[in-house]
Structure formats: structure tokens, C-alpha cells
Protein chains: 2
Amino acid sequence: MLKENQLRKVAASRPQMNLAHRPAPIPGSFGVMERIGSQMKFGRNQEIFGENEPAEYVYKVVKGAVRTYKILCDGRRQIGAFYLPGDIFGLEIGKDHQVSAEAINDAVVLVIRRSAVVSLAERDCRAARELWIFTGRELHRVQEHMMLLVKSAQQRVACFLLEMSERLATTDAVELPMSRQDIGDYLGLTIETVSRTMTQLVSNHAIGLSTSRHIVLRNRKALRELNS
Amino acid sequence: MLKENQLRKVAASRPQMNLAHRPAPIPGSFGVMERIGSQMKFGRNQEIFGENEPAEYVYKVVKGAVRTYKILCDGRRQIGAFYLPGDIFGLEIGKDHQVSAEAINDAVVLVIRRSAVVSLAERDCRAARELWIFTGRELHRVQEHMMLLVKSAQQRVACFLLEMSERLATTDAVELPMSRQDIGDYLGLTIETVSRTMTQLVSNHAIGLSTSRHIVLRNRKALRELNS
DNA sequence: CGGCGGCTTGATCGGTCTCAAGTACGGTGG
DNA sequence: CCACCGTACTTGAGACCGATCAAGCCGCCG
């Protein structure tokens with residue numbers, strides 16, 4: 001697991017910013033981002049920023065998916081969050097990033113200077129309030145994630161699938177952008193346990209698996225009731 | 001564990017606010033709290049607010065200690081944080097509290113109307129910024145707490161002791177305000193595992209235990225190196 | 001002194017991890 | 001079009017860590 005990650009890191013190189021290109025506004029919070037931000041592309045597993053690096057920019061996913069993570073002392077990787085199109089990430093209160101961020105697959109990300117956001121908030125109370133609300137939502141998300149980590153493997157996987165379904169599916173079918181390794185590192189489980197648990201859910205008729213990443217939620221109620 | 005908690009709850013009754021008493025300012029963030037807040041006392045295990053109740057107030061510990069928690073579907077209790085003198089808690093972005101809060105021991109808490117804080121932030125960008133920074137610190141704290149929950153029992157307990165020592169000790173001796181049950185519910189471990197782990201740390205000469213709550217950090221380096 | 005709550009210790013159980021092997025799938029080259 | 005390869009995923013057997021169940025201890029207070 002460590003080796004895989006290390007390899008990824010070596011492969012990742014810093015991209016040039018395409019500052020010339022001013023994209024059209026996209027709906028969502030931080031309206032300012034769309035006006036003064038610029039777009040960047042990142043390849044699969046490419047690093048977007050690293051832990052402890054200066055937090056110079058704020059990011060918004062346009063296309064693709066992004067993971068943030070920390071590496072533990074024993075080499076394990078704990079994924080802090082998955083960010084999907086429309087999600088903002090990388091906004092820090094302090095000087096440096098608390099986590100690393102990588103593209104999960106080929107991704108397009110809108111980038112804006114943090115200083116622009118912060119200085120706007122110093123003049124405009126409504127912008128400041130938006131910052132506060134954004135960070136509050138992150139806080140809520142991390143609290144929920146923390147609650148996941150003290151549950152059983154079945155409960156964790158079920159919650160994960162329900163969350164992903166809500167975030168990126170309109171029907172009962174979900175196309176997961178991330179690998180079993182990513183899911184395991186998000187849930188604090190091994191890939192084997194994630195895989196076995198998925199298999200159990202299939203035999204319980206709670207989900208269907210056509211390919212390993214294409215999942216059909218056959219019985220949402222059963223999934224929810226695992227966390228009764 | 002559930003029973004114990006239920007009993008506590010039954011025992012707890014809603015206190016009257018002492019709105020007449022205006023305490024003298026106390027140093028710390030949210031300077032406004034000391035000017036327009038009022039003090040309340042809570043007995044051991046008394047509820048301060050409950051999950052899903054309207055978040056009408058923001059709180060600051062003056063004396064004693066407070067825990068916030070959620071009850072899981074299987075009856076376990078997950079403690080989200082311990083708040084010690086000087087700490088602010090209960091500030092929500094949304095309408096309702098996301099967690100419950102109880103006094104761990106007899107505690108004095110400064111209370112201020114949330115609406116006063118929020119409306120101030122609407123006029124004063126610096127106040128808005130303070131709110132943002134406070135929530136950002138909470139976010140950072142929860143992220144660290146989440147990282148704890150994927151570590152081994154020894155690592156969790158060692159981290160916990162180091163954290164408590166930094167927060168409430170000036171020397172190597174720490175007087176813990178909370179029970180083994182509280183520690184277990186904070187670390188996602190049972191009381192038995194917490195107790196056994198403490199015993200191990202004693203035999204490793206990493207800590208000393210005169211009473212169960214009076215702990216001496218004999219070898220901080222060893223504790224830190226458990227998380228190498 | 002007795003009783004009770006909080007803590008410790010012991011024995012056993014069970015869920016998840018580890019290590020190892022096997023399988024499915026997508027891409028690449030013949 | 002198929003053979004081959006590498007990567008991702010699944011499945012199995014056994015080990016291990018922490019949970020559970022049960023008993024005993026300590027300190028405090030009536």
C-alpha cells in the first residue's frame with residue numbers, strides 16, 4: 001500500500017497553471033471563484049497539493065474526483081474525503097495544507113488564490129459568512145466520517161455506498177470513481193475486508209455488482225437498517 | 001454503558017439561567033462573550049444541551065470539564081470532544097446542535113446567545129473572521145481525533161495522555177477529570193482495553209499511576225514514539 | 001464496617017487483518 | 001482477432017487484537 005502510494009507520488013509532477021484561460025461561471029457557492037479562478041487539469045493519481053505545503057490556492061472540482069489523505073506512521077494511508085464535481089476543497093484557515101490531495105481519475109479543477117478569498121472576506125461580511133459556513137460544512141462532514149470509523153465493517157461499507165449514491169447517482173445505479181484501496185483507506189478497512197463485505201451485501205440482495213465499480217443499490221432500506 | 005448514560009440523563013434537569021449575574025471579562029477569544037454573557041453552573045453528568053435541540057447559545061468553559069457526544073444505534077456512546085477551562089463549545093453553523101453536551105464534573109460555563117454572536121458577525125468582518133477561525137480550529141481538532149480512531153489501542157491511549165497533559169498540566173503530572181468510560185468512548189475502546197493499556201504503559205515505565213486519575217508522564221518520548 | 005461505583009485483571013470469543021492464491025478485466029502487441 | 005500481460009479485485013486459511021463476560025479489588029462515603 002505504501003509502495004503503491006510512493007510510486008504514485010514519484011510519478012506526479014507539478015502542472016503549469018493555465019492562468020490565461022478564464023472559464024465561464026459555474027453555479028455553486030463561492031461565486032467569486034468562477035469569475036477570478038482558472039482551470040487546471042490533473043491526471044490520474046497526480047498530486048494537487050501536499051501536506052504541509054503552503055495553502056496558496058482554493059480548489060473546486062469541475063470534472064472527475066479528488067481524494068485528500070494523510071500517511072500514518074506505519075505507512076497506512078487515511079483518506080479524509082472524496083471530492084466530486086461541484087465540491088470545494090483545499091481551503092485552509094492556517095498557512096499550510098493539513099492533508100495531501102490527488103486526482104483519483106483524470107480531473108478538471110477550478111483554482112483560485114486563497115489570498116483573494118481571504119481578503120474579500122475582510123471587506124465583505126457576506127463573503128466572510130460564506131467562508132464560515134463552508135468550513136462548518138466540512139466540520140460536519142468530518143464528524144460524520146469519524147462516527148463511521150467506530151462502526152462495524154458492514155455498517156461502514158453500507159454508509160459509504162449510501163453516501164456515494166446520494167452524491168453521484170440519480171437512479172439506484174452508482175459508478176464508483178475510486179478503487180477498493182481508496183474505499184478501504186477511507187473507511188479504515190483493508191481492501192480484502194471491503195471486498196468481502198461487498199460480497200456479503202450482494203448475497204443479502206442489498207446491492208448488485210455488475211463490474212467491481214458499477215454498483216446497484218437493490219435494497220436501500222436494508223443498507224440503512226444496518227445502522228438501524 | 002447505555003444504562004449508565006440513560007440514568008445520567010434522567011438525573012439531569014434543566015437549570016435556570018442566572019441572567020442577573022454579569023461576570024467580569026476573562027481573557028480568550030470571543031471577547032464579546034465576557035461582556036454580554038452570563039454564567040451557569042452544571043452538576044456532574046448534568047446535560048448542557050442535547051443533540052438536535054435548537055442551538056440557542058454558545059458556551060465557554062470557566063471551570064470544570066465538559067464532554068460532547070453522540071449515541072450510536074447499538075447503544076455505544078462516541079465522545080466527540082472534551083472541553084476544558086477556556087474552551088468554547090456548542091457553536092453551530094446550522095439551527096440545531098449536532099451533538100449532546102454534559103458536564104463531566106461540577107462545572108461553571110459562560111453562556112451567550114448565538115444570535116448575538118451571529119448578528120455581530122454580519123456587521124463586523126473581524127468578528128466574522130473570528131467565527132471562521134474558531135470553526136476551523138474545531139475542524140482541525142476533529143481531523144486529528146479521526147486519525148486517532150484508526151490507530152492501535154496503545155497509540156490511541158498514548159496520544160490521549162499527551163494531549164491531556166498539554167492541555168491541563170504544567171508539570172509531568174496530570175489529574176484527569178474524566179472516567180475510564182469517558183476515555184474509552186473518546187478513543188473508541190472499551191474501559192477494559194483502556195485499563196489494560198494503561199497498565200502496560202506503567203510496566204513500560206512510560207507513565208506512573210498513583211490513583212487511577214492521577215497520571216505522571218515518566219517518558220514522554222516513549223509515548224510519542226509509539227506513533228513514531 | 002458495609003456497600004457501592006469505578007477500576008483492574010483473567011479467560012474466552014469473534015471480527016478484522018495478514019498472507020497467499022486465484023480470477024476478471026482492460027490494454028497492448030502480434 | 002486473439003494471446004499476453006499487468007493491475008485490480010476476490011476468495012481462502014490462519015493469526016491477532018480488542019471485545020465480551022466474569023470475577024475481584026480499591027477507595028470512598030454513609
Side-chain angles (χ1 to χ4, degrees), chain A residues 1-5 7-8 11 44-45 72 74-78 104-106 148-158 160 175-203 207-215 226, chain B residues 1-8 11 44-45 72 74-78 104-105 148-158 160 175-203 207-215 226:
Chain A
M1 173 186 321
L2 181 57
K3 317 138 219 165
E4 185 198 329
N5 194 55
L7 285 175
R8 269 186 215 143
R44 182 164 174 263
N45 296 331
L72 300 179
D74 58 6
R76 275 182 306 160
R77 177 185 68 164
Q78 178 61 42
I104 290 175
N105 42 28
D106 288 359
L148 261 195
L149 298 183
V150 296
K151 296 184 179 180
S152 74
Q154 276 222 359
Q155 291 175 321
R156 294 188 217 190
V157 172
F160 171 77
E175 191 71 29
L176 296 178
M178 70 289 284
S179 68
R180 292 287 186 271
Q181 184 68 64
D182 287 335
I183 298 172
D185 290 350
Y186 179 74
L187 298 177
L189 299 170
T190 59
I191 44 174
E192 292 96 332
T193 300
V194 172
S195 188
R196 274 186 252 272
T197 307
M198 294 270 201
T199 306
Q200 282 174 42
L201 292 175
V202 170
S203 49
I207 65 172
L209 278 175
S210 48
T211 74
S212 65
R213 302 207 183 182
H214 185 85
I215 293 174
L226 282 174
Chain B
M1 172 189 321
L2 180 58
K3 317 139 220 167
E4 186 198 331
N5 195 55
Q6 302 291 48
L7 285 174
R8 270 188 214 142
R44 182 162 173 267
N45 295 332
L72 300 180
D74 59 4
R76 274 181 307 159
R77 178 185 66 164
Q78 178 62 42
I104 291 176
N105 43 27
L148 261 195
L149 297 183
V150 295
K151 297 185 180 181
S152 73
Q154 276 222 359
Q155 291 175 321
R156 295 188 216 190
V157 172
F160 171 76
E175 191 71 28
L176 296 178
M178 70 288 285
S179 69
R180 291 286 186 270
Q181 185 67 64
D182 287 335
I183 299 172
D185 290 350
Y186 179 75
L187 298 178
L189 299 170
T190 59
I191 43 174
E192 292 95 331
T193 300
V194 172
S195 188
R196 273 186 251 272
T197 307
M198 294 268 201
T199 307
Q200 282 174 40
L201 292 175
V202 170
S203 50
I207 64 172
L209 278 176
S210 47
T211 75
S212 67
R213 301 208 183 182
H214 186 88
I215 292 174
L226 282 175

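Being a predicted model, the structure only gives us computed values, none of them experimental. Each chain gets a letter, A, B and so on, in the order its sequence line appears, and its residues count up from 1.
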Participant: Measure from CZ on A:Arg180 to C1' on D:dT7 and round the result to the nearest Å.
Facilitator: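 Roughly 14 Å, once rounded to whole Å.
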Participant: Is there a side-chain contact between B:Val157 and B:Leu189, using heavy atoms and a 4.5 Å cut-off?
Facilitator: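 A side-chain contact under 4.5 Å exists here.
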Participant: Of all the heavy-atom pairs spanning A:Phe160 and A:Met178, show the shortest one and how long it is.
Facilitator: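 Closest approach of A:Phe160 to A:Met178: CZ-SD, 3.8 Å.
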Participant: Expressed as a whole number of angstroms, how long is the span from A:Leu187:CG to C:dT16:P?
Facilitator: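 My rounded result for the distance is 12 Å.
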Participant: What is the minimum heavy-atom distance between B:Leu148 and B:Tyr186, and which atoms define it?
Facilitator: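 For B:Leu148 and B:Tyr186, the tightest heavy-atom pair comes out as CD1-CE2, 4.3 Å.
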Participant: Would one find a side-chain N or O of A:Arg44 under 4.0 angstrom from OP1 or OP2 of D:dT7?
Facilitator: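 It does not, given that no N or O in the side chain of A:Arg44 lies less than 4.0 Å from OP1 or OP2 of D:dT7.
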Participant: So do the side chains of A:Arg77 and A:Asp182 get within less than 4.5 Å of each other, counting heavy atoms only?
Facilitator: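 They are in side-chain contact.
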Participant: By nearest heavy atom, map A:Gln154 and B:Thr199 onto DNA chain C; which one lands nearer the 5' end?
Facilitator: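 Per heavy-atom nearest nucleotide, the more 5' residue is B:Thr199.
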Participant: With a 4.5 Å cut-off on side-chain heavy atoms, are A:Met198 and A:Ile215 touching?
Facilitator: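 When only atoms from C-beta onward are counted, A:Met198 and A:Ile215 do touch, with a gap below 4.5 Å.
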Participant: Could you tell me how far apart A:Ile183 (CD1) and D:dA8 (C1') are, to the nearest whole angstrom?
Facilitator: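 It is 12 Å, rounded to the nearest whole Å.
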Participant: Measure the distance from CD on A:Gln155 to P on C:dG15 and round it to the nearest whole Å.
Facilitator: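 Value for this atom pair: 12 Å.
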Participant: Quick one: label B:Arg156 by what it contacts on the DNA or RNA (base, sugar-phosphate, nothing), any heavy atom closer than 4.0 Å.
Facilitator: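 Nothing: the residue B:Arg156, judged by heavy atoms under 4.0 Å, touches no strand.
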Participant: Within a strict 4.5 Å, meaning less than it, do heavy atoms of the A:Ser179 and A:Arg213 side chains meet?
Facilitator: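 Side-chain contact under 4.5 Å: yes.
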Participant: Does any non-hydrogen side-chain atom of A:Ile183 lie less than 4.5 Å from one of A:Leu176?
Facilitator: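 Heavy-atom side-chain distance check passes, below 4.5 Å.
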Participant: To the nearest Å, give me how far apart CG (A:Leu209) and P (C:dC25) are.
Facilitator: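 These atoms are roughly 12 Å apart.
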Participant: Tell me: CD of A:Gln181 to C1' of C:dC17, nearest whole Å?
Facilitator: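 It works out to 13 Å between those atoms.
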Participant: Near DNA chain D, which residues from residues 188-197 of chain A have a heavy atom under 4.0 Å away?
Facilitator: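 Only A:Glu192, A:Ser195, A:Arg196 qualify.
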Participant: Would you mind building the protein contact string for nucleotides 25-30 of chain D? One character per nucleotide, 5' to 3', B for base within reach (heavy atoms under 4.0 Å), S for sugar-phosphate only, - for untouched.
Facilitator: ------
Participant: Has the side chain of A:Asp106 got a donor or acceptor atom that lies under 3.5 Å from a matching backbone atom of A:Arg44?
Facilitator: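 Answer holds: yes.
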Participant: Over how many whole Å does the gap from B:Leu176 atom CG to C:dG6 atom P extend?
Facilitator: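 So the two atoms are 16 Å apart, to the nearest Å.
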Participant: Which atoms form the tightest heavy-atom contact between B:Val150 and A:Gly188, and what is the distance?
Facilitator: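 Closest heavy-atom pair between B:Val150 and A:Gly188: CG1-CA, 4.3 Å.
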Participant: Take atom CG of A:Asp74 and atom C1' of C:dT18, then tell me their distance rounded to the nearest Å.
Facilitator: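 Roughly 14 Å, once rounded to whole Å.
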